[in-house]
Amino acid sequence: MLDQVEDGVYRRALELGGRPRLLEVRGGGDVEQPRLEVRLLDGPTGPDELVAAAELVARCFRIDDDLAPLDALGLADPAYGALLGRVRGLRALVMPSPFEALVWAIIGQQINITFAYKLKRVLVEQFGRTIEHGGRIFHLFPTAERLAALDPAELRPLQFSGQKARSIVELARLLADGQLDLPALGALPVAEARAVLIGLRGVGRWTAEYVLMRGLGARDELPAADVGLQIAAGRVYGLERRPTEPELRALGERWAGWRSYYAFYLWFSLVPGAGAG
DNA sequence: ATCCAGGCTCCTG
DNA sequence: CAGGAGCATGGA
C-alpha cells in the first residue's frame with residue numbers, strides 16, 4: 001500500500017532525489033516539543049538524501065507551525081474547542097506531492113470515501129513503481145509521466161468515471177509537458193494559485209481548496225463545499241441539520257489564518273476511533 | 001429502487 | 001456573480 005502506519009511508525013515509499021526510496025518517520029518528544037526521527041530504510045543514505053528527506057518530512061508534518069494560537073481560538077469557540085482538545089498537537093498533514101493531492105481530490109469528487117480509497121489503491125497498484133523491503137512491497141504514487149502516458153479509456157475498467165479519467169490524464173499531461181508547475185504555485189499568493197487551479201479542467205473550487213491545503217501547505221483553506229466537513233461540523237456544533245457551504249464558511253471565519261487546521265480536525269473527527277463520538 | 005457520496009461544467013438570469 | 005440543471009459511477 002501507499003501509506004503505512006504501524007505501531008506509531010509511519011512508512012512510505014516516494015521519490016527522493018529522483019530515486020524511489022522508502023522513508024520511515026518516528027514520532028518523539030511531546031506536544032510542546034515534538035520530535036521526528038527520519039530514516040531511509042532501503043539502503044545507504046547520503047547526506048544530501050538525508051537533508052532532502054528531512055525537508056520533505058518537515059513540510060508534510062508542518063513542524064514549523066507553532067500551534068499555540070489554536071488553544072486561544074478554541075476557547076472562543078467552545079463546541080469546536082472540545083474537538084480541538086482531543087486532537088491537541090495534531091498537525092494538518094500535507095501530502096508528499098501536490099500532484100498526488102490533486103489526483104486524490106479528483107478521485108474524491110462526488111463519491112463516497114470508501115470507494116475513493118479503493119480507486120486510489122487501484123491506481124497506485126497498477127501504475128506506481130514499487131520497492132521491496134523486509135519481504136513487503138511498497139508502492140510509490142504514480143508519476144505524472146506515467147499517468148500522462150495513459151489513454152483515459154484505460155481507467156474506465158478500473159471503475160473511474162469518464163470525467164475523472166479524462167481529468168486525471170489531462171492534468172498529468174500538463175505536468176509532464178511542463179505546462180503546469182504545481183510546486184511553483186506554492187510560492188504564489190494563495191489567491192493567484194487558487195485562480196490557476198480553478199482554471200484547470202476538472203478542478204473547481206472544492207478541488208482547488210483541497211489541493212492548496214493538502215498539497216501545497218496553505219494554512220488557511222476551508223473546502224466548505226465538502227460534504228464530510230459539513231457532516232462533521234453538524235455533529236461538533238450539535239446542529240439539527242448539517243450546515244450549508246456558506247454557513248460552514250461563516251463558522252470558520254473566526255479561525256481565519258488556521259482554517260486548514262479547522263478543516264483537518266473536522267475530517268479527523270469522522271475517522272472511526274478518533275473520538276468523533 | 002432510491003438516495004447519496006470529501007463536485008464539475010455549462011448554461012441561465 | 002448566483003443559482004440550478006445535468007452529469008457520472010458505485011455503495012448502502
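Throughout, protein chains are lettered first and strands after them, A, B, ... in sequence-line order, and every chain is numbered starting at 1. The basis for the numbers below is simple: all heavy atoms, side chains too, and nothing from hydrogens, waters or symmetry mates.
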Next item on the list: Answer yes or no: is there a donor N or O on one side and an acceptor on the other, between the side chain of A/Glu154 and the main chain of A/Asp151, under 3.5 Å?
Entry: yes
Next item on the list: Work out which heavy atom in A/Gly228 is nearest to a heavy atom in A/Leu270; give both atom names and the distance.
Entry: O-CD1, 3.3 Å
Next item on the list: Name the nucleic acid region contacted by A/Arg156, choosing base, sugar-phosphate or nothing; use a 4.0 angstrom heavy-atom cut-off, strictly under.
Entry: sugar-phosphate
Margin query: I'd like to know if the side chain of A/Asp220 and the backbone of A/Ala256 have a donor-acceptor N/O pair within less than 3.5 Å.
Written below: no
Check: Just wondering, more than 12 heavy atoms not from A/Arg166 lying within 6.0 Å of its CZ?
Finding: yes
Check: Rounded to whole angstroms, how far apart are CG on A/Leu248 and P on B/dG7?
Finding: 13 Å
Item checked: Basic-acidic side-chain contact under 4.0 Å: A/Arg259, A/Glu209 -> no
Next item on the list: Mind checking A/Lys118 for me? I need base, sugar-phosphate or nothing, with any heavy atom below 4.0 Å counting as a touch.
Entry: sugar-phosphate
Next item on the list: Starting from P on B/dA5, measure out to CG on A/Asp226 and report it in whole angstrom.
Entry: 11 Å
Next item on the list: Return one dot-bracket line describing DNA chain B 5' to 3' (Watson-Crick or G-U wobble pairs, both distances under 3.5 Å; ( ) same strand, [ ] crossing, | another strand, . none).
Entry: .||||.|||||||
Item checked: Over 12 foreign heavy atoms within 6.0 Å of CD, A/Gln179 -> yes
Next item on the list: Taking all non-hydrogen atoms of both residues into account, name the closest pair between A/Arg62 and A/Arg91 and its distance.
Entry: O-NH1, 2.9 Å
Notebook entry, point to check: In this structure, which one of A/Tyr261, A/Trp255, A/Trp258 forms a ring-ring contact (aromatic ring centres under 6.0 Å, His included) with A/Tyr80?
Noted result: A/Trp255
Check: Can you pull the contact range of chain A along DNA chain C, 5' to 3', using atoms under 4.0 angstrom from its heavy atoms?
Finding: C/dA8 to C/dG11
Check: Looking at side-chain heavy atoms only, is the closest gap between A/Val31 and A/Leu67 below 4.5 Å?
Finding: no
Item checked: Euclidean distance, A/Glu192 CD relative to A/Leu185 CG, rounded to 0.5 Å -> 10.0 Å
Check: If each of A/Ile111 and A/Thr114 is mapped to the nucleotide of DNA chain C with the nearest heavy atom, which maps nearer the 5' terminus, i.e. the 5' end?
Finding: A/Ile111
Margin query: I'd like to know if A/Arg249 pairs up with A/Glu245 as an ion pair, taking the criterion as any Lys NZ or Arg NE/NH1/NH2 lying under 4.0 Å from an Asp or Glu carboxylate oxygen.
Written below: yes
Margin query: One character per nucleotide, please: for nucleotides 8-13 of chain B, 5' to 3', B when the base has a protein heavy atom closer than 4.0 Å, S when only the sugar-phosphate does, - otherwise.
Written below: SS----
